[in-house]
There are 2 protein chains.
Amino acid sequence: MPAPARTSTEAVVTAARGIVERDGLDALTMQRVADEVGVRAPSLYKRVRDRADLVRLVADQVAYELADRLDAVVGSGDPHDDLRAVAGAFREFARANPASYTLLFDPRSGGMSPEARDTSVSVLLRVATDLAGPDDGLSAARLVTAWATGFVAMELAGAFQLGGDVESAWAYAVEHLVAAVAGDGAET
Amino acid sequence: MPAPARTSTEAVVTAARGIVERDGLDALTMQRVADEVGVRAPSLYKRVRDRADLVRLVADQVAYELADRLDAVVGSGDPHDDLRAVAGAFREFARANPASYTLLFDPRSGGMSPEARDTSVSVLLRVATDLAGPDDGLSAARLVTAWATGFVAMELAGAFQLGGDVESAWAYAVEHLVAAVAGDGAET
DNA sequence: ACCTGAACACCGTTCAAGT
DNA sequence: ACCTGAACACCGTTCAAGT
């Protein structure tokens with residue numbers, strides 16, 4: 001009557017994330033996760049409700065990790081530099097974890113949980129508020145977040161194919177956004 | 001020996017798009033497409049290579065349609081107003097075709113073909129060049145495209161949950177982007 | 001030349017049975 | 001309390017056989 005737990009939810013999620021990162025979301029199979037954690041597929045249903053639930057757990061793990069990275073690069077004292085740093089860290093994270101990153105903003109994966117989402121955007125909200133003031137902070141954060149999200153998504157999807165230098169497009173955008181957000185807010 | 005073609009590639013793609021729009025990409029099943037066009041599933045392989053190919057064809061159809069919509073709203077004479085109009089039309093299209101729209105920017109769907117992509121961004125490139133000048137046109141177009149893509153993706157995913165008014169965040173962004181892009185280009 | 005039934009390998013998921 | 005084999009319904013895809 002013991003019941004030796006041969007794996008754990010954490011091991012299952014970590015294995016799943018590794019599979020997604022290495023071979024893409026379509027390769028995330030219950031069978032394959034089971035193989036990696038050393039168990040039979042049906043046993044996974046003691047850890048996660050179903051495959052969609054597992055995908056969501058992976059997205060959450062990635063979201064918290066991204067939030068940590070963003071948190072780590074702010075604090076220069078100058079909100080202009082903080083915004084540049086956050087944008088850079090965001091892009092770096094996406095490049096280092098392309099498949100996991102797309103999972104975060106893929107509507108088809110159910111996205112991340114609300115708490116994970118709040119955590120990952122709170123840093124940017126703080127920096128944007130420092131820069132744009134309390135009235136425009138939220139709108140400014142949404143502008144920058146939407147831009148960074150879209151830019152990186154397009155970059156990962158190979159959408160920048162009209163030639164030109166992607167690096168200079170990035171630099172152009174960062175500087176113009178910093179200036180636009182920091183400038184006095186057009187019409188209140 | 002005739003061989004009465006009981007369907008067509010166009011009918012297959014249209015049926016597929018309808019399914020995606022009504023019930024999501026996961027509901028796009030070869031069986032279900034076959035049912036809708038009145039044929040057995042194996043016959044679909046005379047029209048498309050495989051399911052992934054079918055998804056790409058749907059994405060292409062949607063991309064061309066989006067390009068048409070954007071094309072239709074420019075020409076006010078004022079590039080500022082054109083940019084506002086294009087952004088608005090972009091958002092409207094996404095709201096009217098949420099599932100098809102996400103298909104366009106979903107890396108997992110293989111995205112659209114290069115020609116479809118070029119067509120859909122050419123309008124924005126033209127407007128951005130009018131506004132930012134030939135040197136910065138491409139970077140400006142990429143800034144606006146990335147922002148609009150990201151904003152709409154987040155909106156469709158229900159990512160704006162920190163309260164505040166999403167409409168005012170949209171308006172704030174449009175005005176600040178128009179001003180930032182039209183202003184003399186920071187450092188050349 | 002297109003259509004079909006039958007078949008294959010592979011999914012996610014359930015469940016009764018083991019320990 | 002967790003694990004397992006067996007089973008179910010459902011995929012995408014291939015292919016020989018029809019017309």
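A, B, ... follow the sequence lines: proteins, then strands. Residue 1 opens every chain. Nothing here was measured: the structure is a model prediction, and the numbers come from that model.
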* Asked: Are any of the side-chain heavy atoms of B/Q61 and B/L57 separated by less than 4.5 Å?
  -> no
* Structure fact -> The residue, A/L44 or B/Q31, whose nearest nucleotide of DNA chain D is more 5′ is A/L44
* Are A/R91 and A/E155 within salt-bridge range, i.e. N to O under 4.0 Å? -> yes
* To the nearest angstrom, how far is B/Y45 atom OH from D/dT13 atom P? -> 4 Å
* Asked: To the nearest angstrom, how far is B/L25 atom CG from D/dG12 atom P?
  -> 11 Å
* Quick one: is B/S43 getting a side-chain N or O under 4.0 Å of the C/dC2 phosphate, OP1 or OP2? -> no
* Asked: So what does A/L28 hit on the nucleic acid, given a heavy-atom distance under 4.0 Å: a base, only sugar-phosphate, or nothing?
  -> sugar-phosphate
* Structure fact -> Rounded to whole Å, CG of B/D26 lies from P of D/dG12 at a distance of 11 Å
* Between D/dC10 atom P and B/M30 atom CE, what is the distance in whole Å? -> 18 Å
* To do: Extract the stems that DNA chain D is part of, considering only consecutive pairing runs of at least three Watson-Crick or G-U wobble pairs, both distances under 3.5 Å.
  => C:4-8 with D:12-16, C:12-16 with D:4-8
* Grab the two heavy atoms, one from A/R84 and one from A/D81, that are nearest each other, plus how far apart they are. => NH1-OD1, 2.8 Å
* Decide salt bridge (Lys or Arg N to Asp or Glu O under 4.0 Å) for B/R32 and B/D35; before the verdict, give the C-alpha distance in whole Å, the side-chain angles of both, and the deciding distance to 0.1 Å. => CA-CA 5 Å; B/R32 189 154 159 201; B/D35 284 350; over 6 Å; no
* Under 4.0 Å between a side-chain N/O of A/R40 and OP1 or OP2 of C/dG12, yes or no? -> no
* To do: Measure from CG on A/D35 to C1' on C/dC11 and round the result to the nearest Å.
  => 14 Å
* Structure fact -> Separation of D/dG12 atom C1' from B/R32 atom CZ, nearest Å, is 17 Å
* **Length of the line joining A/K46:NZ and C/dA16:P, which is rounded to integer Å** => 12 Å
* To do: From the options C/dC2, D/dC2, D/dC11, select the nucleotide whose nearest atom is closest to the side chain of B/A5.
  => C/dC2
* CZ of A/R49 versus C1' of C/dG12: gap in Å, rounded? -> 15 Å
* Would you tell me if any nitrogen or oxygen in the side chain of A/R47 comes within less than 4.0 Å of OP1 or OP2 on D/dC3? => yes
* Asked: Looking for any heavy atom pair under 4.0 Å, which part of the strands does A/T7 touch: base, sugar-phosphate only, or nothing?
  -> sugar-phosphate
* If you measure from the Lys or Arg side-chain nitrogens to the Asp or Glu carboxylate oxygens, is any gap between B/D71 and B/R126 under 4.0 Å? -> yes
